[in-house]
Amino acid sequence: MSTDTDDQKKMAVFRTMARAWHEQDWDTCASLFAPDGVLHSKMLAPIEGRDTIHARISKLGGDHKRVTLHIQRMGVIDGVLFVERTDEIVINGRRGECPAVGVIEFSGDKIARWSDYYDRATLAQAAGYTPEQAAH
């Protein structure tokens, strides 16, 4: 059973993640994971290990691209953080949105597993991919 203080700390970790993601501060994002943490976008294979996570997410940024995680709701159930959000994606000035839900498990104050649920076609459209490009 988690305490209100533990729950607040978990929510603060995700707020830090969202801010760092927007700022493309991939070092901070990766540091919020446990060394053997897992990032699993459920439409793809899981990524395991802080260094591997850093390598993958750092490819998401660039001068022409910005992703902002807009949090709608957050709460802790049975020690697990649930985050409903809309990801705003801007690439070369083109803006799109994708609703998502993250389920985040912790080991101490680090993310042990972040499972992300979204519709892959909606994400591809938000990123500006044609249906043909998204299929590959």
Could you tell me whether a side-chain N or O of Lys10 sits under 3.5 Å from a main-chain N or O of Gly75, the two making a donor and an acceptor? no

Pairs satisfying ring pair (Phe, Tyr, Trp, His ring centres under 6.0 Å), at least one member in residues 81-122, at least two apart: Phe14-Trp114, Trp21-Trp114

The criterion is side-chain hydrogen bond (donor to acceptor under 3.5 Å, both in side chains); which residues satisfy it with Ser107, sequence neighbours excluded? none

Sequence neighbours left out, what passes salt bridge (charged side-chain N to carboxylate O under 4.0 Å, His left out) with Glu97? Give chain and number order. Arg95

Measuring from Ile89:CD1 to Gln125:CD, what's the distance to the nearest 0.5 Å? 10.5 Å

Under the side-chain contact (heavy atoms from CB on, under 4.5 Å) rule, collect the residues that match up with Arg94, sequence neighbours excluded. none

What's the spacing between Leu39 CG and Ile57 CD1 if we round to 0.5 Å? 7.5 Å

With sequence neighbours left out, write down each residue that passes side-chain hydrogen bond (donor to acceptor under 3.5 Å, both in side chains) with Thr28, or none if nothing qualifies. Asp25

Side chain to side chain donor-acceptor pair (under 3.5 Å): pairs with one or both residues in residues 35-44, sequence neighbours excluded: His40-Lys42, His40-Arg113

Report yes or no: do Phe33 and Leu60 belong to one cluster of Ile/Leu/Val/Met/Phe/Trp/Tyr joined by side chain heavy-atom distances under 4.5 Å? yes

Minimum heavy-atom separation for Ile91 and Ala127, please, with both atom names. CD1-O, 3.4 Å

Mind checking side-chain hydrogen bond (donor to acceptor under 3.5 Å, both in side chains) for Arg85 and listing every partner two or more places apart, or none if nothing turns up? Asp87, Asp116

Test of understanding: clusters of I, L, V, M, F, W, Y form through side-chain heavy atoms closer than 4.5 Å, transitively. Do Met43 and Val38 belong to the same one? no

Thr16 side chain near Leu32 side chain, heavy-atom distance below 4.5 Å: yes

Do any pairs count as a side chain to side chain donor-acceptor pair (under 3.5 Å) and have a residue in residues 51-74, sequence neighbours left out, and if so which ones? His22-Thr68, Asp27-His54, His70-Glu88, Gln72-Thr86, Arg73-Glu84

Close side-chain approach of Leu81 to Ile111, heavy-atom, < 4.5 Å: no

With the 4.5 Å side-chain cut-off for hydrophobic clustering, are Ile77 and Val103 part of the same group? yes

Once you round to the nearest 0.5 Å, how far does CD1 of Ile53 lie from CD of Glu48? 8.5 Å

Treating Ile, Leu, Val, Met, Phe, Trp and Tyr as nodes and any side-chain heavy-atom pair under 4.5 angstrom as an edge, say whether Leu123 and Val101 lie in one connected cluster. no

If you apply the rule side chain to side chain contact (heavy atoms under 4.5 Å, CB included), what do you find for Leu44 with Arg120, and how did you get there? CA-CA 9 Å; Leu44 304 169; Arg120 190 167 181 188; 3.6 Å; yes

How close do Pro99 and Thr122 get, heavy atom to heavy atom, and via which atoms? CD-CG2, 4.0 Å

Between Val13 and Met11, is there shared hydrophobic-cluster membership here, with clusters defined by ILVMFWY side-chain heavy atoms closer than 4.5 Å? yes

Heavy-atom donor-acceptor pair, Lys9 side chain to Gly108 backbone, under 3.5 Å: no

